[in-house]
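Okay, structure first, notes after.
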Protein chains: 2
Amino acid sequence: MSKCEHCISRQLNSMKSLTKEELKRVSDCKTTKFYKKGDIIFDEGESLSGVFCVRHGVAKLTKLSANGNDQTVKLLGKGELLGQRSIISDERTNLSAIALNDIELCFVPKDQIIEPLQKNQVFSFDVLQNLAKDLRGAEGDLIDMAQKSVKQRVAQVLIYVEKEFGVDEKGYLNLVLSRDDYANIVGTATESAIRIISQFKKDHLISTQGKQIKIENLQKLKLVE
Amino acid sequence: MSKCEHCISRQLNSMKSLTKEELKRVSDCKTTKFYKKGDIIFDEGESLSGVFCVRHGVAKLTKLSANGNDQTVKLLGKGELLGQRSIISDERTNLSAIALNDIELCFVPKDQIIEPLQKNQVFSFDVLQNLAKDLRGAEGDLIDMAQKSVKQRVAQVLIYVEKEFGVDEKGYLNLVLSRDDYANIVGTATESAIRIISQFKKDHLISTQGKQIKIENLQKLKLVE
DNA sequence: ATTAAAACATGACAAATATCATATTTTAAA
DNA sequence: TTTAAAATATGATATTTGTCATGTTTTAAT
């Protein structure tokens with residue numbers, strides 16, 4: 001079985017600040033889990049017994065709103081942690097985690113995180129900085145949601161997906177999302193997302209090949225109103 | 001001069017987890033600052049040299065969006081900390097803090113926070129839990145912004161203000177905000193906020209006396225669509 | 001290869017919200 | 001107290017976004 005060091009050496013998350021012994025313990029007791037596209041990793045209201053670390057693939061954190069819509073809060077790629085916050089605040093998770101494509105996760109039991117958190121200053125400060133960064137991001141998203149048009153938000157997500165998850169050799173976004181996924185991220189109706197993406201195609205800001213999307217004009221996409 | 005213990009004894013924030021010596025040091029070096037309604041406590045892009053703790057009054061954290069609108073991210077009352085995140089992540093603040101009424105703040109220099117953060121496990125874990133809570137709150141606000149109508153958000157803010165800052169002997173909200181303030185919080189146009197609040201009056205969900213607002217029917221206000 | 005289901009597309013219309021204009025009221029300063 | 005400025009109110013209208021209906025295309029299973 002592969003060791004945590006492989007992930008950690010890439011400096012992917014705060015676990016890099018664990019001591020060698022702590023890391024070995026994590027590595028020894030972690031389990032690897034596989035999920036298929038669309039699978040639920042955990043569901044709102046569940047009590048998590050540990051933290052998941054994305055080894056391969058992409059997951060989303062979502063919440064079902066009162067009117068039955070799914071709102072996606074965050075996309076998580078390689079090296080990012082799922083369930084961190086629930087473990088820290090010792091509460092049930094208020095979000096669901098769903099696989100956006102076939103995904104491989106490492107599961108690390110709660111104790112292996114909590115103990116270093118209470119004993120290893122470097123680690124806990126690092127986690128603190130991570131949470132601070134997440135908080136800044138969430139506030140930024142809130143402001144965008146309040147101040148930008150749906151069209152601007154769709155453009156922004158396309159740009160984000162290109163930057164965060166990259167493109168293949170032909171320039172298509174590596175992360176393939178449905179129009180419905182996009183709608184849930186920007187907080188709009190599926191039809192609106194479809195219409196906007198169609199318009200982007202007509203305006204040659206993007207091109208598509210089936211479900212694949214390629215950004216053709218990043219500059220103009222950034223200037224969408 | 002008053003001591004920190006007075007604030008801390010009310011268990012208002014993570015500073016309660018400082019050791020006696022740490023707390024004494026904070027208490028000794030802190031300074032008290034006064035701001036008048038509308039004053040800028042700090043501005044976007046500033047580099048903060050410490051953390052502010054609200055002793056009396058209410059402040060808001062806001063960001064100026066590209067289209068020139070102010071978006072209010074959070075209201076902060078007694079015992080809450082301003083600038084915490086910028087100090088932790090050692091970045092310039094991306095938000096402005098503005099006094100919503102006459103306000104008294106304690107200013108604690110950076111070092112007095114950073115040092116305990118790196119040495120006192122109990123304190124740093126407590127701050128961690130606070131940030132986790134803030135993050136959950138920010139995600140909740142994001143979802144509300146995406147999924148609820150402007151009317152629902154206005155109703156929600158009124159309820160929040162009553163709960164968080166209380167009412168006077170006649171039942172009027174202690175925190176007096178302008179319609180424009182409400183608009184900035186819910187992310188809408190001032191006229192829309194005015195219209196919605198007027199409608200709430202007509203529907204007897206609230207009543208007003210000048211700028212003062214009293215919630216008359218909390219149940220119905222919660223059920224606004 | 002065939003076919004059913006899912007995803008995508010698009011028109012027509014409705015609803016929510018923004019914008020602009022113009023009064024009226026309230027607040028705070030002189 | 002008077003008065004100018006700010007805040008609130010409201011109508012008319014434009015724009016954005018959502019909803020419903022109905023096709024078409026794509027995907028994936030048989």
Side-chain angles (χ1 to χ4, degrees), chain A residues 36-38 65-71 100-102 144-155 157-158 172-173 175-203 206-214 224-225, chain B residues 36-39 65-71 100-102 144-158 172-173 175-203 206-214 224-225:
Chain A
K36 289 215 170 292
K37 180 176 176 174
S65 76
N67 38 325
N69 290 340
D70 250 337
Q71 177 63 42
L100 280 175
N101 44 38
D102 292 356
D144 289 343
M145 196 64 85
Q147 302 283 346
K148 295 191 173 172
S149 68
V150 176
K151 205 183 277 185
Q152 285 176 312
R153 270 140 55 200
V154 172
V157 172
L158 289 168
Y172 290 100
L173 300 181
L175 178 62
V176 175
L177 297 173
S178 68
R179 307 292 190 263
D180 191 51
D181 287 327
Y182 281 106
N184 291 159
I185 295 171
V186 303
T188 192
T190 306
E191 295 95 324
S192 295
I194 289 172
R195 256 182 257 272
I196 287 167
I197 289 174
S198 295
Q199 191 58 50
F200 285 171
K201 278 200 283 187
K202 281 176 194 154
D203 298 342
I206 63 173
S207 63
T208 64
Q209 176 93 295
K211 296 195 57 158
Q212 305 209 92
I213 295 177
K214 172 157 62 170
V224 160
E225 300 206 331
Chain B
K36 289 215 170 292
K37 180 176 177 174
D39 282 355
S65 77
N67 40 324
N69 290 340
D70 252 337
Q71 177 63 43
L100 280 174
N101 43 38
D102 293 355
D144 288 344
M145 197 64 84
Q147 303 282 349
K148 296 192 174 171
S149 69
V150 176
K151 205 182 275 187
Q152 285 176 312
R153 269 138 58 199
V154 172
Q156 197 168 285
V157 172
L158 289 168
Y172 289 99
L173 300 181
L175 178 61
V176 175
L177 297 174
S178 68
R179 307 292 191 264
D180 191 52
D181 287 327
Y182 281 106
N184 291 159
I185 296 170
V186 303
T188 193
T190 307
E191 295 94 323
S192 296
I194 289 172
R195 256 182 256 273
I196 288 167
I197 290 175
S198 294
Q199 191 59 50
F200 285 171
K201 278 200 285 188
K202 282 175 192 153
D203 297 343
I206 62 173
S207 63
T208 65
Q209 176 93 297
K211 298 195 56 157
Q212 306 210 91
I213 295 177
K214 171 157 62 170
V224 161
E225 302 207 331

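Residue numbering restarts at 1 for every chain, and letters A, B, ... go by the order of the sequence lines.
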Roughly how many Å is it from [atom1] in [X] to [atom2] in [N], rounded to a whole number?
X        : N     : atom1 : atom2 : result
B/Asp181 : D/dA7 : CG    : C1'   : 11 Å
B/Tyr182 : D/dA9 : OH    : C1'   : 17 Å
B/Lys201 : D/dA7 : NZ    : C1'   : 12 Å
B/Ile194 : D/dA7 : CD1   : P     : 10 Å
B/Asp180 : D/dA5 : CG    : C1'   : 15 Å

- line: DNA chain C: first to last nucleotide in contact with chain B (atom under 4.0 angstrom from a heavy atom), 5' to 3', is C/dT17 to C/dT27

query: Taking OP1 and OP2 of D/dT8, is either one under 4.0 Å from a side-chain nitrogen or oxygen of B/Ser198?
result: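 For D/dT8, neither OP1 nor OP2 has a side-chain N or O of B/Ser198 closer than 4.0 Å.
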
- prompt: Looking only at side-chain N and O atoms, does B/Arg179 come under 4.0 Å of OP1 or OP2 in D/dA7?
  reply: no

Output yes when a side-chain donor or acceptor of [X] lies under 3.5 Å from a complementary backbone atom of [Y], and no otherwise.
X        : Y        : result
B/Ser192 : B/Thr188 : no
A/Asn184 : A/Asp70  : yes
B/Arg153 : B/Val186 : yes
A/Gln152 : A/Ser149 : yes
B/Gln71  : B/Ile185 : yes

query: What are the two closest heavy atoms between A/Thr208 and A/Tyr172, and how far apart are they?
result: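 For A/Thr208 versus A/Tyr172, the nearest heavy atoms are C-CE2, 4.4 Å.
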
field: Sole candidate of B/Val176, B/Leu177, B/Leu158 that passes side chain to side chain contact (heavy atoms under 4.5 Å, CB included) when paired with B/Ile213
entry: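 The side chain to side chain contact (heavy atoms under 4.5 Å, CB included) with B/Ile213 is passed solely by B/Leu158 among B/Val176, B/Leu177, B/Leu158.
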
Quick one about [Y] and [X] (side-chain donor to acceptor, distance below 3.5 Å, no hydrogens or angles considered), yes or no?
X        : Y        : answer
A/Ser65  : A/Asn67  : yes
A/Lys214 : A/Gln209 : no
B/Ser178 : B/Lys211 : no

- prompt: How about A/Lys151: does its NZ atom have over 12 heavy atoms from other parts shown lying under 6.0 Å from it?
  reply: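 For A/Lys151, atom NZ is not crowded (no more than 12 foreign heavy atoms under 6.0 Å).
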
- line: Whether each nucleotide of nucleotides 19-30 of chain D has a protein heavy atom under 4.0 Å at its base (B), only at its sugar-phosphate (S) or at neither (-) is summarised, 5' to 3', as BB------S---

- prompt: Which sits closer to the 5' end of DNA chain D, B/Thr190 or A/Lys148, going by the nucleotide each is nearest to?
  reply: B/Thr190

- prompt: DNA chain C: A/Ser178 or B/Thr188, which has the more 5' nearest nucleotide?
  reply: A/Ser178

message: Let me check the geometry of the helix from C/dA1-D/dT30 to C/dA30-D/dT1. What is the bend angle between the axes at its two ends, five pairs each, to 10°?
response: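 End axes: 50° apart.
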
task: Select base, sugar-phosphate, or nothing to describe what A/Ser149 touches, counting heavy atoms under 4.0 Å on all strands.
output: sugar-phosphate

